[in-house]
Amino acid sequence: MTSHFDKIRTRIAPSPTGFLHLGTARTALYSWAYARHHGGEFVLRIEDTDVARSTQDSVDQIIAAMNWLGLSYDEGPIYQMQRLDRYQAVIDQLIAEGKAYRCYATPEELNEMREAQKARGEKTLYDRRWRPAPGKTLPTPPEGVKPVVRFANPVEGDVTWNDLVKGPITINNREIDDLIIARTDGVPTYNFAVVVDDWDMRISHVFRGDEHVNNTPWQINIFNALGAPLPSFGHLPIILGDDGLKLSKRRGAVSVMDYAANGYLPEGMLNYLARLGWSHGDDELFSAEQMIGWFDGSHLSKSPAQWDPAKLDWVNGHYVKHIDEARLAGLVVEQLAGRGIVVTAAQVQPKIGLFKDRCATVAALADWLSMYFAPVTASAEDLSAHVTEAVRPAVASLAERLAALGEWNKANIQQALKETLTAFGLKMPQLAVPVRVIVCGRAQTPSLDAVLEHFEQKKVVERLQSV
């Protein structure tokens, strides 16, 4: 435990400019598991200072995703835009202490400055023209120009931290310039607000994506300027899509709630996300409780993880097979309702056991079960290949035998099939496949008698007689 904190406290701080994407979900999982492992606390903060792009719908989706994943938070959601007075007070303090200053440089002036630096082959850094210094005379503030506020970053020395993932990292202060910490409208920038938030919320450990490594020196210098305790930082490698490019909001279906809608289970998603950058020996399948017991911050990978849809399906399929069937039935009911098929869990649950071992998702299970409650349409290829003129008489005869059954059960259905096969000199596949295509809309199913048993007798006969 970090010595200057009395309790482990972690946070996740998404921006409400879109959905909770998979990379942020993984970060949230690691932050949550680390806090739970150490008996600490986990905070949800909404970083909504990007007023033009932040939406309430995004906030709602983020919270829904956190709830669906089961990542319960002890505080929050805390909104940055409700803390503007606090940020302003800290900015005023820094200005008064000579650790921040107002900069009146216009965008045009800054562009000219950068172009000149490029022409000289220099790195483009703010030249501190408005930074007070002993013996320096500042220009008169121009009329009508609203200033930004810049942090007076140290001009010498190094910033060093021991990253929880990457190990020791050092960046020289000459590589970074005087960061804008408040825009002309007074709204703080990310790198400033996040420091004040983490300070006020006593955040001891910060897990976040690789892209924030370059922000960390500024933030450490601001922490030091405020005399605030430094959290420990851990920067997680990016997740690559199956095309080898970085997963992002702009590429592909990477919303957590998209996966929920597509029939993935939170247990499966958490299990799979956990293994995208962390391991516990050779364990591939484990519960959230097991992860909490194991996740002490070690064994985090330094290399990018590869998103593998097939592996996700394998992991999720494990949970589809093993979760409580009453719960699974409720989820199938929701899936079917989204397709306009209204049924009850009592109608669904007896059928689940026959199909769940074949399914990676609840959506796939709903695909199977929909044939019992809605009309089916076989493909033209299956119909032409299997429902031939030669087999139609046998299908019609089977329909008559099934219609005459006094008790609709697996044994009697099997007997009707056998009698039809004998009468027409057929083998089981020659009759079973056409029946599957006609009744189920597909050429392959589990054992035909078991599948038909779950249909209404009348529905099976009507479908067989319809061809």
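This is a predicted model, so every value here is computed, not measured.
For R150 and Y126, the positive end sits near the middle of the six-membered ring, less than 6.0 Å away and at most 45° from its axis. Both tests do not hold together for K311 against Y272: distance to the six-membered ring centre under 6.0 Å, angle to the ring axis within 45°.
In this model, a donor atom of one side chain and an acceptor atom of the other lie less than 3.5 Å apart for D296 and S298. Side chains of N215 and Y190: no donor on one and acceptor on the other come within 3.5 Å. With hydrogens and angles left out, the side-chain atoms of S31 and H205 include no donor and acceptor closer than 3.5 Å. Inspection of the N153 and D178 side chains reveals no N or O donor paired with an N or O acceptor under 3.5 Å. Between the side chains of E156 and N173, no donor-acceptor pair of N or O atoms lies under 3.5 Å. Side chains of N271 and E267: no donor on one and acceptor on the other come within 3.5 Å. Inspection of the W161 and D163 side chains reveals an N or O donor paired with an N or O acceptor under 3.5 Å. Between T24 and T27, the side chains place no donor N or O within less than 3.5 Å of an acceptor N or O (distance only, hydrogens not considered). A donor-acceptor contact under 3.5 angstrom links the side chains of Q219 and N191, judged on distance only.
Here the straight-line distance linking atom CG of L448 with atom CD of E453 works out to 11.5 Å at 0.5 Å rounding. Taken from SG in C359 to CG in D367, the straight-line distance is 8.0 Å, to the nearest 0.5 Å. Once rounded to the nearest 0.5 Å, the distance linking CH2 of W278 with CG of L29 reads 8.5 Å.
With sequence neighbours left out, D74 forms a salt bridge (Lys or Arg N to Asp or Glu O under 4.0 Å) with R36. Remark: R86 pairs with R83, V90, V196, W199, D200 by the side-chain contact (heavy atoms from CB on, under 4.5 Å) rule, at least two apart or across chains.
What you find for Y30 and A274 is that their closest heavy atoms are OH-O, 2.9 Å. Of all heavy-atom pairs between F42 and R11, the closest is CE1-C, 3.9 Å.
In this structure the side chain of V332 reaches within 4.5 angstrom of the side chain of V362, judged on heavy atoms. Two residues are said to be in side-chain contact when any heavy atoms from C-beta on lie closer than 4.5 Å; D197 and Y87 meet this criterion. Put simply, the side chain of I63 reaches to within 4.5 Å of the side chain of P77, judged on heavy atoms.
Here D210 pairs with K166 in a salt bridge; the nearest charged N to carboxylate O distance falls below 4.0 Å.
Among residue pairs with one or both ends in residues 341-368, those qualifying as ring pair (Phe, Tyr, Trp, His ring centres under 6.0 Å) are F355-W368; sequence neighbours excluded.
Taking the six-membered ring for Trp, F19 and W68 have ring centres at least 6.0 Å apart.
The only option from V195, I176, I171, V159 that meets the side chain to side chain contact (heavy atoms under 4.5 Å, CB included) definition with W218 turns out to be I176.
Using a 30° and 60° split on the angle between ring planes, H318 and H322 fall in the tilted class, from 30° to 60°.
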